[in-house]
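Data first, discussion second: the structure below is written as structure tokens.
Predicted model, so just to flag it, every value in this text is computed and none were measured. Chain letters run A, B, ... following the sequence lines, proteins first, then strands; residues in each count from 1.
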Amino acid sequence: MLKKKIIFLLGPTGIGKSAVAVSLAKKVNAEIISCDSMQVYRKMDIITSKVTSGQRKKVKHHLLGVIDPEQEYNVAKYRRDALAICDKLLAKGKIPLFVGGTGLYYSIIVDGLFPAVPQDKAIRAKLEKQLKLKGCKYLYRRLVRVDSAAAAKIHQHDTRRIIRALEVYLKTGIRISQLQKSRVGLGKDYALKIFGLNSKRQSLYAAIDRRVDKMFSLGLINELKRLLKHKLSRTAKCAIGIRELKGCFAGEYSLAEGKRLMQRNSRHYAKRQLTWFRKDKRIQWININKTETPAQIALKLWKKLSW
RNA sequence: GCCGAGAUAGCUCAGUGGUAGAGCGCGGCCCUGAAAAGGCCGGCGUGGGGGGUCCGAUUCCCUCUCUCGGCA
């Protein structure tokens, strides 16, 4: 039996994935599923560089602006939502084209997520209180006692992961290091084609800087002022630009400085994305140069789509 | 032209008579319910050129070059 096809288009922020994706999707009768932790939010169009409504008319996009910024969102929700859409597309004969730069979201789609241990607010609150009172070393030592395998992988300053590992253990009595061994991805049942877009670091960084400039000319400030009237969830407020520009609004530094920080943090983010993707040997990398149009790049990808 | 200040890591600068550091930048890495988050690691640089003093100079002295400020 022929396996059903799924395509992934990955790459760092600002590389130009979105435009290429639209062009590719038209060629192969695909619909796009965003693989981006921030573009899921409503009212955050400019700040997250969502594709224009014009492009959305050409190809159907999923998981763009579907969550209110007051709501929290996370990997588990993404996996649930994305796979539901993926199934629907496959059922009607469309190819799902995952496009984005959130490495973890990509990974839990392709490789799976370990059995559900949702957050537990009460346990978290307790752990966070202990963190404040006794410091991260105390929590780390606790983790070493209950799950030394997890502790060996987590740095003692990485409080987020220490807390999660403890949370999982306290809630279920099972070690997170044990649970992490069982994950089921798509690879077995589907034919996956995974592309990564990259370019010279220098031109990537230049593109990122330019894109931030463009956000400002598109009305970033107004969008943000409107957005900040809402109480943002702790996930939504992580989008690059919010923290940076809040400082300007508070009069701590100039707008120019805020923009500089946005550009710098976006560059750092791109670098981390590349580190994440680099170790995944399934990705077929396409190096692009600035003279190529999205359509030309899409054509290149299309030619590599022999299933 | 004269007076003053300076010339040290890609940038801004600190410091010391026994061959150098900090921030930023930059690079590498980790990653399973916050992931655009969070965490870790990485600095041999002709200490502007030349000469002198000294066991030894980036550090003291002389000189040249350049930069900045002031005066003409």
Interatomic distance at [atom1], [N] relative to [M], whole Å:
N     : M     : atom1 : result
B:G51 : B:A14 : C1'   : 28 Å
B:C66 : B:G48 : C1'   : 8 Å
B:G45 : B:C11 : P     : 14 Å
B:G10 : B:C30 : C1'   : 27 Å
B:C13 : B:G43 : C1'   : 15 Å
B:C62 : B:A20 : C1'   : 25 Å
B:C64 : B:C55 : C1'   : 29 Å
B:U67 : B:C24 : C1'   : 23 Å

Problem - Distance under 6.0 Å and angle within 45° of ring axis: A:K304 vs A:F195 - result: no
Exercise for the section: Compute both the distance and the angle, then confirm whether A:K300 meets the cation-pi test with A:W302: under 6.0 Å from the six-membered ring centre, within 45 degrees of the axis. Expected result: no
Separation of atom [atom1] in [X] from atom [atom2] in [N], rounded to whole Å:
X      : N     : atom1 : atom2 : answer
A:R164 : B:U32 : CZ    : P     : 10 Å
A:E167 : B:G33 : CD    : C1'   : 8 Å
A:Q263 : B:C24 : CD    : C1'   : 16 Å
A:D36  : B:A37 : CG    : P     : 12 Å
A:Y140 : B:C40 : OH    : P     : 13 Å
A:K77  : B:A37 : NZ    : P     : 20 Å
A:K271 : B:C40 : NZ    : C1'   : 12 Å
A:Q273 : B:C31 : CD    : C1'   : 14 Å

Practice task
Go through the side-chain N and O atoms of A:S266 and A:R211 and say whether any donor and acceptor fall under 3.5 Å apart.
Solution key: no
In the structure shown, which nucleotide is the Watson-Crick or G-U wobble counterpart of [N], with both distances under 3.5 Å?
N     : value
B:C40 : B:G28
B:A57 : none
B:G23 : B:C11
B:G4  : B:C68

Identify which nucleotide among [options] has an atom closest to any side-chain atom of [X], counting heavy atoms from C-beta outward.
X      : options             : value
A:Y269 : B:G28, B:G33, B:A37 : B:A37
A:I240 : B:C29, B:U32, B:A37 : B:A37
A:L113 : B:C26, B:C30, B:G33 : B:G33
A:T275 : B:U32, B:G33, B:C29 : B:C29
A:H155 : B:C40, B:A35, B:G33 : B:C40
A:V75  : B:G33, B:C31, B:G38 : B:G33
A:K279 : B:G27, B:G33, B:C31 : B:C31
A:I176 : B:C30, B:G33, B:G28 : B:G33

Problem - Test: A:D36 and A:K17 ion pair at under 4.0 Å - result: no
Handout entry: Basic-acidic side-chain contact under 4.0 Å: A:E31, A:K92
Key = yes
Handout entry: Mutual orientation of the aromatic rings belonging to A:F98 and A:F8 [parallel < 30°, tilted 30-60°, perpendicular > 60°]
Key = parallel
Handout entry: Parallel, tilted or perpendicular: ring planes of A:Y78 versus A:Y105, cut at 30 and 60 degrees
Key = parallel
By the 4.0 Å heavy-atom rule, please label [X] as base, sugar-phosphate, or nothing.
X      : value
A:S266 : nothing
A:V168 : nothing
A:Y73  : sugar-phosphate
A:Q39  : base
A:R278 : sugar-phosphate
A:L104 : base
A:I242 : nothing
A:Y106 : nothing

Handout entry: 5' priority, RNA chain B, between A:R272 and A:L179 [closest heavy atom]
Key = A:L179
Fill in the blank from the handout: Judged by nearest nucleotide, the residue sitting upstream toward the 5' end of RNA chain B, A:H268 or A:W276, is A:H268
Practice task
Look at the side chain of A:R161 and the base of B:A35, then say whether one donor and one acceptor between them are separated by less than 3.5 Å.
Solution key: yes
When you check the phosphate oxygens OP1 and OP2 of [N], does a side-chain N or O of [X] lie under 4.0 Å from one of them?
X      : N     : answer
A:R160 : B:A35 : no
A:R201 : B:C26 : no
A:R234 : B:A37 : no

Problem - Neighbour count >12 (heavy atoms, 6.0 Å) for atom CD, A:E252 - result: yes
Problem - Sub-4.5 Å side-chain heavy-atom contact between A:M262 and A:N265 - result: no
Practice task
Taking syn as within 90° of 0 and anti otherwise, name the glycosidic form of B:G4.
Solution key: anti
